[in-house]
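The first residue of the sequence shown is numbered 1, and numbering continues consecutively from there.
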Amino acid sequence: MSSRLVGVGVGPGDPELVTVKGVNALREADVVVVPVMDTMERGRAEATVLHYVPEEKVVRVVFALNERSDRGRREAAWDAAGERVAELLRQHASVAFATIGDPNVYSTFTYLAQTIAELVPGIVVETVPGITAMQDLAARSGAVLTEGTEPLTLVPVTAGAAVLKDALAGPGTVVAYKFGRQAHEVAEALRETGRLDDAVWGSALGLPEESVRPAADLDEAPLPYLSTLIAPARREGGRGGKL
């Protein structure tokens, strides 16, 4: 039988936001891989997983999670991580990979699955969806993501503040991920497009250090890397105005 690699979304940090299907996938796997940076600090995915499976079942694998400037170093780290997971798949029938949020939304799992497909012929790749940071922030802040015919645009600010500004100039709600290091530029883009007053940002959602605040509080101080922003659509016409 072919080995299975299952990408499991474990949500943005609150262990209560892992789905029942996600918990079952973690428990049914022979081993659960969690990504760590080379500093070996425990990340959100690992902390969440440990609420549901014993530590001896968890395998920590180093990924170049934040390496953007040195492509050679990043590729070498990806290759090494892929080889480690491929080795686990040769030893076990089922390997789960825990990723924060959803495995199909800006996830490390996407790149891992591509690498493994080349290293382990016949591998079966599956994913279990997870709750995203934008959903959690919407719930915690009361921000409504979409109504009626409104579009929803998701932008990683690692692509540049100009990409966010273009999205804010358009219709519908805009969600920005990974904007902590460019908080000042994000605040300026919100002001220039008239979207500052209703916007909200959050970080460390579901964790003791959680912060959920109006975007108007943004200043030049850097925020946690994984901060999330919601700029709701401009809504006029009362209830159901955009149906």
- Task: For residues Phe109 and Phe63, establish whether the separation of their ring centroids is below 6.0 Å.
- Result: no
- Item | Heavy-atom closest contact (Val157 atom, Ala176 atom, distance) | CG2-CB, 3.6 Å
- Query: What are the two closest non-hydrogen atoms of Pro12 and Ala133, and how far apart are they?
  - Reply: CB-CA, 4.0 Å
- Item | Atom of Ala199, atom of Ala231 and distance for their closest heavy-atom approach | CB-CA, 4.0 Å
- Does any non-hydrogen side-chain atom of Leu5 lie less than 4.5 Å from one of Val124? no
- Could you state whether Val34 and Val61 fall into the same hydrophobic cluster, counting links through intermediate Ile, Leu, Val, Met, Phe, Trp or Tyr residues with side-chain heavy atoms under 4.5 angstrom apart? no
- Task: Look up atom NZ in Lys178 and atom OH in Tyr225, then write down how far apart they are to the nearest 0.5 Å.
- Result: 4.5 Å
- Item | Side chain Thr173, main chain Ala233, donor-acceptor under 3.5 Å | yes
- Under 4.0 Å between a Lys/Arg side-chain N and an Asp/Glu carboxylate O for Lys165 and Glu185? no
- Message: Looking at Ser94, is its backbone amide N or carbonyl O close enough to the side chain of Asp30 to form a donor-acceptor pair, meaning the two atoms are under 3.5 Å apart?
- Response: yes
- Message: Could you walk me through whether Trp201 and Ser211 satisfy the side-chain contact (heavy atoms from CB on, under 4.5 Å) test, starting with their C-alpha distance in whole Å, then the side-chain angles of each, then the deciding distance to 0.1 Å, before giving a yes or no?
- Response: CA-CA 8 Å; Trp201 71 269; Ser211 180; 3.6 Å; yes
- Task: Using atom types as modelled and distance alone, determine if a side-chain donor or acceptor of Glu150 lies under 3.5 Å from a backbone N or O of Glu147.
- Result: yes
- Applying the 4.5 Å side-chain criterion to the ILVMFWY set and letting contacts propagate, would Val10 and Val125 be lumped into a single cluster? no
- Message: I need the Leu223 CG to Phe179 CZ distance, nearest 0.5 Å.
- Response: 5.5 Å
- Determine, stepwise, if the pair Val36 / Glu46 fulfils side-chain contact (heavy atoms from CB on, under 4.5 Å). CA-CA 8 Å; Val36 296; Glu46 181 178 3; 3.9 Å; yes
- Query: Got Pro171 and Pro151 here, is their nearest side-chain heavy-atom distance under 4.5 Å?
  - Reply: yes
- Message: With rounding to the nearest 0.5 angstrom, report the CZ to OG1 distance, Arg42 to Thr48.
- Response: 10.5 Å
- Student check: side-chain heavy atoms of Leu229 and Leu190 closer than 4.5 Å: yes
- Item | Distance, nearest 0.5 Å, that separates NE2 of His51 from CD of Glu16 | 8.5 Å
- Transitively linked via ILVMFWY side-chain contacts under 4.5 Å: Leu50 with Leu26? yes
- Message: Quick check on the hydrophobic clustering: are Val6 and Val31 connected, directly or via other members, by side-chain heavy-atom contacts under 4.5 Å?
- Response: no
- Message: Heavy-atom count check: over 12 atoms from other residues, nucleotides or ligands less than 6.0 Å from Glu209 CD?
- Response: yes
- Message: Give me the atom names and distance for the closest heavy-atom approach of Thr110 to Pro103.
- Response: OG1-O, 3.6 Å
- Query: Would you say Asp14 and Leu207 make side-chain contact, with heavy atoms under 4.5 Å?
  - Reply: no
- Query: Should Val59 and Arg84 count as side-chain neighbours, where that means a heavy-atom distance under 4.5 Å?
  - Reply: yes
- To the nearest 0.5 Å, tell me how far Gln135 CD sits from Arg140 CZ. 12.5 Å
- Using the salt bridge (charged side-chain N to carboxylate O under 4.0 Å, His left out) rule, take Glu87 and Arg90 through it: C-alpha gap first, then chi angles, then the decisive distance, then the call. CA-CA 5 Å; Glu87 177 186 347; Arg90 296 183 189 109; over 6 Å; no
- Linking Ile, Leu, Val, Met, Phe, Trp and Tyr by side-chain heavy atoms under 4.5 Å, what else ends up with Tyr177? Val105, Tyr106, Met134, Leu137, Leu145, Leu152, Leu154, Val175, Val200, Leu205, Val212, Ile230
- Message: Quick check on side-chain hydrogen bond (donor to acceptor under 3.5 Å, both in side chains): which of Thr99, Asp102, Thr127 does Ser107 satisfy it with?
- Response: Thr99
- Can you tell me how far the CD atom of Gln182 sits from the OG atom of Ser227, to the nearest 0.5 Å? 12.0 Å
- Item | Check against side-chain contact (heavy atoms from CB on, under 4.5 Å), Val23 and Val8 | CA-CA 9 Å; Val23 171; Val8 181; over 6 Å; no
- So, Glu83 side chain and Asp79 main chain: donor-acceptor pair closer than 3.5 Å or not? no
- Check whether any side-chain heavy atom of Ile100 lies under 4.5 Å from a side-chain heavy atom of Leu226, and answer yes or no. yes
- Any sub-3.5 Å donor-acceptor pair from Tyr52's side-chain atoms to Pro15's backbone N or O? yes
- Message: Does any part of the side chain of Thr108, heavy atoms only, come nearer than 4.5 Å to the side chain of Phe97, both counted from C-beta?
- Response: yes
- Quick one: do Val32 and Val95 end up in the same hydrophobic cluster if we chain Ile, Leu, Val, Met, Phe, Trp and Tyr together by side-chain heavy atoms under 4.5 Å apart? no
- Exercise: identify the closest heavy-atom pair between Ala98 and Val49: CB-CG2, 3.4 Å
- Query: Hey, is the main chain of Val33 close enough, under 3.5 Å, to the side chain of Arg60 for a donor-acceptor pair?
  - Reply: no
- Message: Clusters formed by hydrophobic residues whose side-chain heavy atoms approach within less than 4.5 Å: which one holds Ile131, and what are its other members?
- Response: Leu17
- Salt-bridge criterion met for Arg191 and Asp197 (N-O under 4.0 Å): no
